[in-house]
Amino acid sequence: MVCSECSQQVLGNLINLKILVPSLAVSLAFFALSFRKSFSFKKKLSLLYGHIFFLIFPFLFGLFFSGCQALYSHCSLAGPLFALFLLTALGTATVLALLTPMLFLIKYRKQSKELVGSCWNKLARRISKEHGMKTPKVFHLKTPKPVAFSTSFFRPSIFMSVGLTDILGKKETEAVLLHELGHIRNNSSFTKFSSYLISAVSPLSRLHSLSSELNMDEVQADKFASREQKTCRHINSAKRKISEFYRQ
Amino acid sequence: MKMDNSLGKILSPLESDVLSVIWPSKKMKVREVYSVLKPKRKVALSSVAVILDRLYEKSIVDREIQTCRGGLRYLYFPKKDRKEFEKSVVESTVNALIERFGKTAINYFNERFPGGK
């Protein structure tokens, strides 16, 4: 699509105030609304995503149409161009949002091994069936550091490091696995991914108490593990041993 | 078993204790090293894991992954036997002295060991 009215222009205003001011105002309004206590966490996250979108929109817009100064005044292609831009921006954002966790999964799957017949796989299958969840795959991450995490993108997966099973007893490892199953049940990976994304993009994110929501997720996952094992002894001692490792 | 402290000046006390445990044996799990050390000194299992990882990073021990019923586990084993390790420590120390002080260090060694004795 060639716009004859401005094809001769070279690098016009990168940022147009007519776009920047209302867009930032909407972004701030979304951010302010996300503080409302009556809103659920999912609603707050949606508002924060809106905040990010309107925060970066004027800069992307300016970059996309740099050199096209006529656009804002008398360009006949303004409408279709704007629609095309919006579609491109949304498409790119969706692809990136899907690609990031996928790359993350590929990276960690390369460093790990799935043991189909292991006792941890059997336990994960049994518990997920009992709670009507999708059965997660259990991977053993080849690192001596005691780490465990889960993702519920595409197919739920749980990663437990070799270092973790080296320093924890059977019941403690079971507690960690149940904790991760609790995260999958609460769809915590989406919450975590969103909070990282928001804090990486928005300079205002420091004002938001997203960390308290993440802590709540941890507490919920701990409760799930304690409920399944009928004691909080194992999850507590596992946490103590892991923090002991990192303190040294 | 008496703990060997002759490496105490090169390594930390716990590092040298862990090394003295794994030197005579071939391959050991973290838990096995811990169970040998535990009656002799106050130590946590996580500390043994940290020390073994540190020794691996210093290229003093090596490790391999073994598949077991509970998934995977690391087996640690020394890269060099005790004599080879001591020799490499002396070699690197002397080289560092010569590199740092040049002729002064060489003259000292000549005075200290006249006739190469």
Side-chain angles (χ1 to χ4, degrees), chain A residues 108-125 136-150 157-178 180 234 236-248, chain B residues 3 7-8 10-19 21-22 25-79:
Chain A
Y108 283 110
R109 279 194 186 179
K110 268 186 185 172
Q111 298 170 15
S112 54
K113 187 179 178 186
E114 187 195 2
L115 291 172
V116 184
S118 79
C119 53
W120 308 122
N121 260 334
K122 285 173 191 163
L123 178 74
R125 202 179 308 136
K137 282 184 172 184
V138 182
F139 292 92
H140 293 260
L141 197 62
K142 291 171 188 169
T143 169
K145 307 268 183 291
V147 282
F149 56 89
S150 57
S157 314
I158 294 174
F159 292 84
M160 290 200 302
S161 71
V162 181
L164 186 91
T165 45
D166 269 349
I167 65 162
L168 299 185
K170 200 181 172 201
K171 282 282 170 190
E172 290 160 340
T173 314
E174 188 183 295
V176 173
L177 185 80
L178 289 167
E180 294 308 324
H234 305 304
N236 286 344
S237 82
K239 282 181 152 187
R240 186 175 44 78
K241 282 185 181 174
I242 293 168
S243 60
E244 257 174 28
F245 183 96
Y246 287 105
R247 257 206 311 271
Q248 292 173 64
Chain B
M3 287 292 147
L7 296 167
I10 307 154
L11 304 164
S12 77
L14 189 52
E15 280 175 343
S16 65
D17 286 352
V18 167
L19 256 185
V21 170
I22 62 166
S25 0
K26 283 186 176 166
K27 287 168 185 174
M28 284 180 104
K29 290 181 270 177
V30 177
R31 210 167 276 276
E32 285 172 344
V33 177
Y34 169 71
S35 58
V36 174
L37 272 177
K38 201 185 164 191
K40 281 141 197 142
R41 62 175 294 164
K42 202 183 164 191
V43 66
L45 178 61
S46 53
S47 310
V48 176
V50 171
I51 293 300
L52 282 167
D53 186 36
R54 228 173 259 170
L55 290 172
Y56 173 79
E57 277 166 15
K58 288 180 182 175
S59 295
I60 297 171
V61 301
D62 212 344
R63 67 181 167 221
E64 63 179 36
I65 282 182
Q66 189 193 43
T67 308
C68 59
R69 204 169 60 87
L72 302 171
R73 66 181 169 212
Y74 280 121
L75 288 178
Y76 288 89
F77 52 95
K79 260 190 167 175

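Numbers restart at 1 for each chain; the letters A, B, ... are given by sequence-line order, proteins then strands. Atom set for the values below is all heavy atoms of this structure, side chains included, hydrogens, waters and symmetry mates excluded.
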* **Non-neighbouring partners of P136(A) that pass side chain to side chain contact (heavy atoms under 4.5 Å, CB included), sequence neighbours left out** =>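 For P136(A), the residues satisfying side chain to side chain contact (heavy atoms under 4.5 Å, CB included) (neighbours in sequence not counted) are A124(A), S128(A), P156(A), I158(A), L181(A), I184(A).
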Using only distance, no hydrogens or angles, which N or O donor-acceptor pairs sit under 3.5 Å between chain B and chain A?
| from | atom 1 | to | atom 2 | distance (Å) |
| --- | --- | --- | --- | --- |
| R31(B) | NH2 | L168(A) | O | 3.0 |
| S46(B) | OG | E244(A) | OE1 | 3.1 |
| S47(B) | OG | Q248(A) | OE1 | 3.1 |
| S47(B) | OG | Q248(A) | NE2 | 3.3 |
| D53(B) | OD2 | K145(A) | NZ | 2.8 |
| G70(B) | O | W120(A) | NE1 | 2.7 |
| L72(B) | O | T165(A) | OG1 | 3.4 |
| Y74(B) | OH | T143(A) | N | 3.3 |

* Asked: Rounded to the nearest 0.5 Å, what separation is found between the CG atom of L141(A) and the CG atom of L72(B)?
  ->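 Interatomic distance, L141(A) CG to L72(B) CG, rounded to 0.5 Å: 10.0 Å.
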* To do: Would you name the heavy atoms of I65(B) and V162(A) that are closest together and state the gap between them?
  =>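 Closest approach of I65(B) to V162(A), heavy atoms only: CD1-CG2, 4.4 Å.
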* To do: Please state whether the side chain, the backbone, both or neither of L168(A) comes within less than 4.5 Å of a heavy atom of chain B.
  =>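 When you check distances to chain B, only backbone atoms of L168(A) fall under 4.5 Å.
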* Give, as side chain, backbone, both or neither, the part of V30(B) having an atom under 4.5 angstrom from any heavy atom of chain A. =>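 The answer is the side chain of V30(B).
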* Measure distances from A49(B) to the heavy atoms of chain A and classify the residue's part below 4.5 Å as side chain, backbone, both or neither. =>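 For A49(B), backbone and side chain are both near chain A.
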